[in-house]
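Here is the structure we will look at.
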Amino acid sequence: MAKLNIKKISKRFGGVYAVNDVSFKLEDGAIIGLIGPNGAGKSTVFRMIAGVYPADAGGIYFDKDEITKLTPYDICRAGIAMTSQTTMPFMKLSVLQSTMVGSFLHCPKTPDARRDAFAVLEYLGLDTKWDKLVADCNIADRKIVELARALATRPRLLLLDELMAGLNPQEVEMILTKIREIRRDKHMTILFVEHLMQAVMSISEYVYVLDHGELIASGTPQEISRNKQVITAYLGENYNAEG
């Protein structure tokens with residue numbers, strides 16, 4: 001059964017299509033990559049799924065229920081959480097307080113939200129820095145705080161928008177390990193946008209490719225790496241030669 005079913009969604013800004021007639025499915029428990037050049041419409045698709053941008057056309061279905069016109073709050077409560085391309089984990093709050101923002105969705109009482117958030121930080125290995133201001137954290141820890149806040153909402157579908165951007169190779173591998181653990185431990189479906197192709201190819205079970213707002217290809221990582229249209233639009237001939 002498809003966890004998420006996107007049917008012919010479109011979004012225009014000022015008469016220009018950012019997303020045009022895009023359809024794809026996510027199976028329950030899968031890790032799926034969404035790739036494409038800058039301006040391809042990847043983040044717009046994420047924001048449409050999360051309810052930040054209303055679709056101009058088409059439908060979005062989660063567990064067979066249509067969520068196309070729901071508010072971001074209701075979509076989050078339904079079980080979809082998204083991390084931002086630019087980390088915005090409440091810089092003036094502590095690591096714990098920033099995570100509690102997510103916990104309050106299911107834990108309206110502060111003591112309960114605090115316990116819930118701390119458990120999430122323990123799971124992600126950030127509990128020793130619970131009282132540190134987010135503003136004083138390095139970029140890798142800020143990424144984990146962003147992930148923690150999303151996990152604290154108890155999602156069943158996790159949207160990760162360039163979570164590994166700006167990280168060094170060791171930090172990228174740490175994030176990849178955590179993504180694998182989250183899927184394994186929580187049987188979570190994960191859709192992620194990423195420009196680091198080595199990361200995409202190492203963790204994705206299936207990949208969708210956008211270009212100029214349109215879906216131009218889909219397939220396994222191996223199939224995508226050999227797709228001539230994808231190579232021309234995004235990967236480049238050097239990637240093909242190396243792959």
Side-chain angles (χ1 to χ4, degrees), residues 2-26 30 32-89 146 149-150 153 155 157-166 189-197 199-200 204 206-219 223-225 227-237 239:
K3 173 64 68 174
L4 183 74
N5 195 351
I6 307 289
K7 295 184 178 181
K8 296 182 175 296
I9 59 171
S10 296
K11 183 64 184 178
R12 290 180 297 177
F13 295 103
V16 177
Y17 276 103
V19 175
N20 185 22
D21 201 30
V22 168
S23 299
F24 62 85
K25 294 181 181 180
L26 271 64
I32 306 295
L34 181 64
I35 67 172
N38 289 330
K42 305 179 300 296
S43 293
T44 300
V45 168
F46 265 32
R47 282 155 178 74
M48 292 171 74
I49 297 170
V52 178
Y53 294 158
D56 294 328
I60 303 172
Y61 301 83
F62 183 58
D63 284 342
K64 296 185 178 180
D65 294 322
E66 185 170 8
I67 62 170
T68 314
K69 296 181 180 180
L70 296 184
T71 66
Y73 175 85
D74 287 329
I75 289 174
C76 186
R77 182 168 286 281
I80 298 176
M82 180 181 73
T83 66
S84 176
Q85 183 177 354
T86 303
T87 56
M88 298 181 290
E146 183 87 1
R149 192 173 70 251
T153 67
L157 170 60
L158 191 57
L159 308 176
L160 305 177
D161 194 356
E162 295 194 44
L163 190 63
M164 290 167 272
T189 307
I190 298 171
L191 176 65
F192 72 100
V193 166
E194 189 52 63
H195 283 292
L196 297 174
M197 293 312 301
V200 173
S204 301
Y206 203 79
V207 180
Y208 292 100
V209 187
L210 290 177
D211 187 32
H212 292 98
E214 297 184 352
L215 188 68
I216 64 168
S218 63
E223 290 169 341
I224 291 300
S225 69
N227 185 295
K228 292 184 178 180
Q229 189 175 4
V230 177
I231 292 168
T232 300
Y234 183 50
L235 297 179
E237 294 297 335
Y239 183 91

Of the non-hydrogen atoms in [X] and [Y], which two are nearest, and what is the gap between them?
X	Y	result
Gly79	Phe62	O-CZ, 3.9 Å
Ala217	Ile224	CB-CD1, 4.1 Å
Ala150	Ala81	O-CB, 3.6 Å
Val22	Ile6	O-CG2, 3.5 Å
Gly59	Ile9	O-CG2, 3.6 Å
Ser204	Phe192	OG-CZ, 3.2 Å

Within the side chain of [X], is there an N or O that forms a donor-acceptor pair under 3.5 Å with the backbone of [Y]?
X	Y	answer
Tyr208	Lys25	yes
Lys69	Ala55	no
Glu194	Gly33	no
Asp211	Ala233	no
Arg47	Ser43	yes
Lys42	Gly36	yes

Would you please test Phe46 and Leu34 for side chain to side chain contact (heavy atoms under 4.5 Å, CB included) and show each step? CA-CA 10 Å; Phe46 265 32; Leu34 181 64; 4.1 Å; yes

Mind checking the [atom1]-[atom2] spacing from [X] to [Y]? Nearest 0.5 Å is all I need.
X	Y	atom1	atom2	answer
Leu159	Thr83	CG	OG1	8.0 Å
Asn227	Thr232	CG	OG1	8.5 Å
Leu26	Ile49	CG	CD1	7.5 Å
Leu70	Ile75	CG	CD1	5.0 Å
Leu158	Met82	CG	CE	11.0 Å
Arg12	Thr44	CZ	OG1	14.0 Å

For atom NE2 of His195, decide whether the heavy atoms of other residues, nucleotides or ligands shown that lie under 6.0 angstrom number more than 12.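 Enclosed: over 12 neighbouring heavy atoms sit under 6.0 Å from NE2 of His195.
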
Assess Lys64 against Tyr61: is NZ or CZ under 6.0 Å from the centre of the six-membered ring, and within 45 degrees of the ring's axis?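 Judged by the rule (NZ or CZ under 6.0 Å from the ring centre, within 45° of its axis), Lys64 is not positioned above Tyr61.
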
Quick one: salt bridge (Lys or Arg N to Asp or Glu O under 4.0 Å) partners of Lys7, sequence neighbours excluded?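 Salt bridge (Lys or Arg N to Asp or Glu O under 4.0 Å) list for Lys7, sorted by chain: empty.
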
Side chains of [X] and [Y], heavy atoms from C-beta outward: is any pair under 4.5 Å?
X	Y	result
Met197	Tyr234	yes
Phe24	Val45	yes
Val19	Tyr53	no

